[in-house]
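Notes for the one structure printed next.
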Amino acid sequence: DVARTYRLDWVEYDKVLEVGRQGDLGLMSGISQAISNNEFRLYLQPKIRMADGGMVSAEALIRWEHPTRGLIAPEHFIPFAEKTGCIRMITKWVLSEAMDIVALLRANGTPIQLGVNLSAFDLDDTALLKLLEQLLIEHRANPADIRFEITEHSAMNNPIAALEVMHGLCNLGFSISIDDFGTGYSSLAYLQKMPVSELKIDRSFVKKFSSEDTGFVLLKSIISLGHQLGLSIVAEGVENADEWDMLVDLDCDFVQGFYISEAMELDQFEAWWKNQSTSSHQSRNG
Ligand code: C2E
Ligand code: MG
Ligand code: MG
Ligand code: MG
């Protein structure tokens with residue numbers, strides 16, 4: 001496996017690309033070119049604290065602004081990048097960009113914690129930690145401003161290596177959330193071994209249920225068990241006021257979803273934020 005041969009040095013993953021080019025994997029060279037042409041964007045989706053409507057964090061979601069194909073969603077290139085190993089080039093770009101964003105927002109007097117998604121491939125060895133140490137210095141970023149989102153599935157792919165990387169991330173001062181919780185195979189018992197402080201409940205569990213539904217019982221149990229493990233809980237994909245109200249009743253801590261806002265470009269996000277702090281979310285909690 002070509003990709004694995006180069007696992008020792010993050011930068012050497014570029015060589016995987018050279019090999020790919022000799023084949024017919026056009027998208028692979030496309031990704032490398034997209035990075036040099038600055039075609040990737042990080043869109044930001046607000047994550048709202050339910051207790052007071054506070055806007056204290058957001059999630060960075062990648063988009064590819066393709067010159068001919070338009071805006072491409074991550075589902076159309078991330079799985080491919082993961083398969084070929086060029087996900088590490090993307091991750092490196094995402095990390096640099098995320099650090100620039102948090103440093104900029106902090107300089108503007110509006111600091112937030114930014115959620116950054118990692119792939120299973122990024123957790124395979126400790127090269128990520130070396131890369132991050134270097135990037136923190138280059139970008140003068142504060143690790144407390146970044147929260148890594150790791151799916152249950154990624155954490156379980158190579159659990160021993162992933163656990164080592166997760167501990168390394170914490171030692172560097174980053175926080176970690178488990179993403180898409182409920183869709184993977186990890187148990188709440190295994191969660192206790194991971195240095196995570198937050199659970200993001202997958203949106204498939206966050207529909208407005210009636211109180212007799214199994215879905216409702218599951219959601220209620222996840223929130224309550226998560227709290228008992230000392231984790232804060234985020235509901236993903238909240239789309240309407242009924243879901244918001246149900247989550248208030250269930251004592252959920254944070255929400256993200258189209259009900260609050262879709263992911264936006266940085267300028268739009270900053271404008272939205274200013275507007276929110278004047279109009280406030282208080283009305284949602286009434
Ligand atoms: P995720 O990390 O679970 O991100 C949440 C996804 O749900 C985002 O899709 C977001 O736009 C979408 N979403 C948010 N609120 C709602 C809602 O109310 N309703 C519905 N139907 N959807 C909602 P997106 O941006 O297409 O990202 C999809 C996935 O791609 C992400 O899932 C994440 O796993 C991956 N991804 C995104 N950015 C990155 C990245 O920079 N690196 C890596 N490795 N993966 C990324
Ligand atoms: Mg995420
Ligand atoms: Mg998710
Ligand atoms: Mg997801």
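Atoms considered below: every heavy atom in the structure, side chains included; atoms not considered: hydrogens, waters and symmetry mates. Counting convention: from 1, in listed order, for ligands and their atoms alike.
- Residues Val102 and Leu131 fall within the same hydrophobic cluster, defined by Ile, Leu, Val, Met, Phe, Trp and Tyr side chains chained together at heavy-atom separations under 4.5 Å.
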task: Go through the steps to decide whether Glu270 and Asn108 satisfy the test side-chain contact (heavy atoms from CB on, under 4.5 Å), and finish with yes or no.
output: CA-CA 10 Å; Glu270 284 192 279; Asn108 289 351; 3.1 Å; yes

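- Angle subtended at the Mg ion (ligand 3) by Glu236 OE1 and Asp180 OD1: 100°, rounded to 10 degrees.
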task: Please test Ile233 against Phe181 for side-chain contact (heavy atoms from CB on, under 4.5 Å), starting from the C-alpha separation and ending with a verdict.
output: CA-CA 10 Å; Ile233 310 290; Phe181 186 76; over 6 Å; no

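- Residue nearest to atom 15 (N) of ligand 1, selected from Glu149, Glu239, Gln45: Gln45 (by heavy-atom distance).
- Listed for the Asp202 side chain is a donor-acceptor partner under 3.5 Å among the backbone atoms of Ser204.
- Heavy-atom proximity to atom 11 (O) of ligand 1, evaluated over Glu59, Glu262, Arg63, is greatest for Arg63.
- Of all the heavy atoms of Lys200, none lies under 4.0 Å from any atom of ligand 1, so neither backbone nor side chain is involved.
- Looking only at side-chain heavy atoms (C-beta outward), Arg147 and Ser197 come within less than 4.5 Å of each other.
- Proximity annotation for atom 1 (P) of ligand 1: of Asp179, Leu42, Ile78, Asp179 comes nearest, heavy atoms only.
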task: Please step through side-chain contact (heavy atoms from CB on, under 4.5 Å) for the pair Arg63 and Phe40, ending with a clear verdict.
output: CA-CA 6 Å; Arg63 306 283 181 263; Phe40 287 114; over 6 Å; no

- prompt: So Ser57 and Gln113, side-chain hydrogen bond (donor to acceptor under 3.5 Å, both in side chains) or not? Walk me through it.
  reply: CA-CA 5 Å; Ser57 42; Gln113 195 179 49; 5.4 Å; no

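- The distance criterion of under 3.5 Å between nitrogen or oxygen atoms is met by Ser119 with respect to ligand 1.
- Residue Arg203 places a heavy atom less than 4.0 Å from ligand 1.
- Across Leu123 and Val165, no two heavy atoms sit closer than the pair O-CG2, 3.5 Å.
- Across Pro74, Ser154, Ser177, heavy-atom proximity to atom 30 (O) of ligand 1 is greatest for Pro74.
- Under a 4.0 Å criterion applied to the non-hydrogen atoms of Val94, ligand 1 contributes the atoms 41 (O).
- Under the side-chain hydrogen bond (donor to acceptor under 3.5 Å, both in side chains) test applied with Gln45, the options Gln256, Glu236, Glu59, Glu262 reduce to a single match, Gln256.
- Because the distance cut-off is set at 2.8 Å, Glu149 fails to qualify as a neighbour of the Mg ion (ligand 3), as none of its N, O or S atoms comes that close.
- The N/O atoms of Ile62, backbone and side chain alike, include one that comes under 3.5 Å of an N/O atom in ligand 1.
- Within the 4.0 Å heavy-atom shell around ligand 1 one does not find Ala263.
- Contact annotation: Asn117 places an N, O or S atom under 2.8 Å from the Mg ion (ligand 2).
- For ligand 1, the polar-atom distance check against Asn117 finds a nitrogen or oxygen pair separated by under 3.5 Å.
- Asp179 contributes OD2 and Glu59 contributes OE2; the angle these two atoms make at the Mg ion (ligand 2) is 180°, rounded to 10°.
- Below 4.0 Å from some heavy atom of Asp180 lie the following atoms of ligand 1, by number and element: 3 (O).
- Salt bridge status for Arg41 with Asp267: absent, with no side-chain N to carboxylate O gap under 4.0 Å.
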task: Mind running side-chain contact (heavy atoms from CB on, under 4.5 Å) on His167 and Leu163 for me, showing each step along the way?
output: CA-CA 6 Å; His167 281 289; Leu163 210 54; 4.2 Å; yes

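- Short contacts between ligand 1 and Gly237, defined as distances under 4.0 Å to a heavy atom of the residue, involve ligand atoms 15 (N), 16 (C), 17 (C), 18 (O).
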